[in-house]
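Counting starts at 1 for both ligands and their atoms, following the listed order.
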Amino acid sequence: MRASGGASPRPAPPKRRGSASPTTTTTSTATKLPVRGASSSSLAMPAPRLAHLRRLLALHSPPPHPLAPSPVRPQPLLLPRAMAGAAHAGVATGSAEYEEVLRCLSSLITQKVRADTGNRGNQWALMSKYLQILELEEPIARLKVVHVAGTKGKGSTCTFAESILRSCGFRTGLFTSPHLIDVRERFRLDGLDISEEKFIRYFWWCWNKLKVKTGDDIPMPAYFRFLALLAFKIFSDEQVDVAVLEVGLGGKYDATNVVKAPVVCGISSLGYDHMEILGNTLGEIAREKAGILKKGIPAYTVPQPAEAMSVLKQRASELGVSIQVVPPLDPRQLEDQPLGLHGEHQYMNAGLAVALANTWLERQGHLDRIHVKDHGTLPDQFIKGLSIACLHGRAQIVPDPQVNSEYKDTSCPLVFYLDGAHSPESMEICAKWFTHVTEKDITQPGPLEQPRSSSNSKKILLFNCMSVRDPQRLLPRLLDTCAQKGLHFDQALFVPNQSQYSKVGSHASPPSGREQIDLSWQLSLQTVWENLLHGEKGLNGPSSSGTSLVFESLPSAIKWLRKTSRENQSTSCQVLVTGSLHLVGDVLRLIKT
Ligand SMILES: Nc1ncnc2c1ncn2[C@@H]1O[C@H](COP(=O)(O)OP(=O)(O)OP(=O)(O)O)[C@@H](O)[C@H]1O
């Protein structure tokens, strides 16, 4: 039965302060240095034939089987996995009931979660109340959990670990955050996003029970807590063999940390993020994340900065467990198979995932399922799992379906390079990946030994980040890393995220155009950028030619990119989209329509 009421309207859009049209700055031309020569990285793989790619795009086909992707192959634009899952289940997406579910979920989003003590203190005690109300204590105790915290790479690590264990023949549940397009991406069963029908069913079950028992004393759970409770309900009712859980924020007070006895814990790369909640030093941040470690539970991490590592080790020794440091995976262990997630940093995440999956198998008495080889390569199921792992918006390359379909020749005039980096460390990683993959025009069909001249490509940055982040730490890291590799952006575009208007749903309408949009944040990002390029002269520099723009909306930025690329047919536009996973999701959603 559906609960009535309780759903508050979507948050009103903010008021406009900036200009409605693209705000062009006049600054000196960014000199474009030649992009470095081709590297002989083992990541270089033949690109698919464009005709095939175009056919895929035109058909708007569901995701190909994830066995397909190679590390540097442009990925055809895919239907969101959630939609593919729903299609399998024979359920129409975007039903009125699903919209209602999304509306209810939206009502749980409170700014307070970040602004005040959020996940901490007294509020944490509410989690046990919710578990009682939903009768989830016993079911959670029975789940065989892999639990992963970290600043960067936890989603990728979880995705790899789940994929490995699925390839070993287990029924898997995977809970990650955030989602890019549809909230159901956060809940995967056997590698597929949960179907709309199941999601609706489990949602109302949890929602109705909580609505009846909550009130003045016990408020409804905040958004992420509700989602975590829902994940526990789904995974226990669906009787998964293993539940792989990504921490939402921090560790100690995260909603996923109600699991008292996971099978194994992992802590991925630590760095500076969410400092407004977790603390200002790496030590403080590490202590929060170490809050998922448990007595008697094996734990793994990756090489960390000394300050963070000493805190992890100290916490582990307080608990009487040893935390083992796993090196990045050696590509030779994969027998020439590429990782399903792209970029050098993924070898770090994959190494951690291998340790977690291996320990899970060992602790559950399933090592007999895998055949350990004596020549140092991984078991076949591990290699398969690592190569079919799939997570959108992380180092993803998508040729624009609209512009590219208009061209008969083999070039791809407009290509989006999407990566949801939003911490200083991941900005650097993202910049390295972008410079690497644009060194050769990998969207060209045919052998990579014959790249199109990179002087024929224009590098454009499409950027936004949340206002809790410090652009003075993000943008310089991006710019400097690119510059060290000889890459300079021709233009930078700053836009608000579309999803700020539809925080939860993929189906809510974009802004109608009548709303007042506050562009002050984008204008300040632009100022930071211009100051980086031109020093204090910044936006008012004397020798100028328009190297950055602020757009009032993402659709208008994409329209501008398409127009620019049509007008300059001899030059391809390579657009790096980064700074926010929400922005990446918005771009993916917009370019497919
Ligand atoms: N090991 C790593 N070190 C540094 N940056 C990384 C690493 N792995 C991934 N990243 C960067 O972080 C982004 C998000 O990756 P992923 O989803 O795996 O991390 P996450 O910890 O789940 O991040 P989030 O907090 O945004 O959910 C990637 O797009 C990439 O830019």
Side-chain angles (χ1 to χ4, degrees), residues 114 147-163 174-180 185-186 188 224 227 244-251 254 256 266-275 277-278 282 285 288-289 292 300-305 308 325-329 339-353 356 386 389-397 416-437 463 465-466 468-469 474 477-478 481-482 497 576-585 587-588:
R114 275 170 188 236
H147 199 193
V148 181
T151 307
K152 280 296 131 226
K154 51 191 184 302
S156 305
T157 302
C158 286
T159 303
F160 280 132
E162 180 277 335
S163 188
L174 173 65
F175 177 60
T176 56
S177 56
H179 62 271
L180 290 182
E185 292 162 32
R186 296 175 184 240
R188 288 195 202 172
F224 183 77
L227 294 179
V244 182
L245 306 179
E246 177 191 346
V247 162
L249 200 161
D254 187 76
T256 58
I267 303 211
S268 67
S269 293
L270 295 177
Y272 294 97
D273 199 13
H274 298 299
M275 285 135 75
I277 296 173
L278 302 179
L282 267 187
I285 292 170
E288 276 298 316
K289 313 270 180 190
I292 69 160
Y300 294 89
T301 188
V302 296
Q304 306 280 7
V325 182
V326 189
L329 195 72
L339 290 176
L341 307 180
H342 308 167
E344 286 297 319
H345 55 291
Q346 291 298 355
Y347 288 92
M348 179 91 82
N349 302 330
L352 180 57
L356 295 173
L386 290 165
C390 177
L391 190 62
H392 292 307
R394 279 74 169 179
Q396 184 178 6
I397 304 173
F416 292 95
Y417 296 78
L418 306 118
D419 187 71
H422 53 252
S423 71
E425 297 80 10
S426 55
M427 278 291 141
E428 185 174 329
I429 295 265
C430 166
K432 284 183 180 159
W433 164 73
F434 183 61
T435 51
H436 174 75
V437 290
F463 188 90
C465 63
M466 286 167 65
V468 288
R469 305 238 146 72
L474 300 183
R477 199 76 173 254
L478 178 69
T481 311
C482 286
N497 290 357
L576 174 63
V577 183
T578 192
S580 153
L581 267 169
H582 298 289
L583 176 69
V584 164
V587 171
L588 283 170

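Considering CG of Asp419 and CG of Leu583, their distance stands at 11.5 Å, rounded to 0.5 Å. Atom OG1 in Thr159 sits 7.0 Å away from atom CZ in Arg394 (nearest 0.5 Å). Taking OG of Ser156 as the start and NE2 of His345 as the end, the distance is 6.0 Å to the nearest 0.5 Å. With values rounded to the nearest 0.5 angstrom, Thr157 atom OG1 is found 7.5 Å from Gln346 atom CD.
The heavy atom nearest to atom 17 (O) of ligand 1, considering only Arg394, Glu428, Met427, Gln396, is found in Arg394. The heavy atom nearest to atom 3 (N) of ligand 1, out of those in Pro328, Gly153, Ser269, is found in Ser269. Summarising the contacts of atom 29 (O) of ligand 1 with Leu391, Leu341, Asp419, Val247, the nearest heavy atom is found in Asp419.
Gly150 does not count as a contact of ligand 1, since none of its heavy atoms falls under 4.0 Å from the ligand. For the ligand labelled ligand 1, residue Glu425 lies outside the 4.0 Å heavy-atom shell. Within the 4.0 Å heavy-atom cutoff, Cys158 does not count among the residues contacting ligand 1. Heavy atoms of Glu246 approach ligand 1 to within less than 4.0 angstrom. Ligand 1 lies less than 4.0 angstrom from a heavy atom belonging to Ser177.
Residue Asn349 has at least one heavy-atom neighbour below 4.0 Å for each of these atoms of ligand 1: 1 (N), 7 (C), 8 (N), 9 (C). For ligand 1, the atoms sitting less than 4.0 Å from at least one non-hydrogen atom of Ala421 are 29 (O), 31 (O), numbered in the order shown with element in parentheses. Ligand-side atoms of ligand 1 in range of Gly155: 18 (O), 19 (O), 20 (P), 22 (O), range being under 4.0 angstrom from any heavy atom. Each of the atoms 26 (O) of ligand 1 lies under 4.0 Å from some heavy atom of Leu581. Interface atoms of ligand 1 facing Pro178, defined by a heavy-atom separation under 4.0 Å, are 27 (O). Every atom of ligand 1 with a heavy atom of Ser426 under 4.0 Å away is listed here by number and element: 5 (N), 11 (C), 12 (O), 31 (O).
Between the side chains of Ser426 and Ser423, at least one donor-acceptor pair of N or O atoms lies under 3.5 Å. Of the N and O atoms on the side chains of Ser580 and Asn497, at least one donor lies less than 3.5 Å from an acceptor on the other residue.
The shortest N or O to N or O distance between Ser156 and ligand 1 is under 3.5 Å. Among the atoms of Thr157, none of the N or O lies under 3.5 angstrom from an N or O of ligand 1. Considering backbone and side-chain atoms alike, Lys154 places an N or O below 3.5 Å from some N or O of ligand 1.
What you find for Ala353 and Ala161 is that their closest heavy atoms are CB-N, 3.7 Å.
No option in Leu581, Val577, Thr578, Leu576 other than Val577 meets the side chain to side chain contact (heavy atoms under 4.5 Å, CB included) test with Leu418.
Scanning for ring pair (Phe, Tyr, Trp, His ring centres under 6.0 Å) contacts around Phe175 gives Phe187, Phe224, with sequence neighbours left out. Here Thr301 pairs with Gln304 under the side chain to side chain donor-acceptor pair (under 3.5 Å) rule; sequence neighbours left out.
Residue contacts with ligand 1 for Thr151 involve N, CA, C or O but no side-chain atom from C-beta outward (heavy atoms, distance under 4.0 Å).
Contact check on Lys152 versus Glu425 returns no salt bridge, with no Lys/Arg side-chain nitrogen under 4.0 Å from an Asp/Glu carboxylate oxygen.
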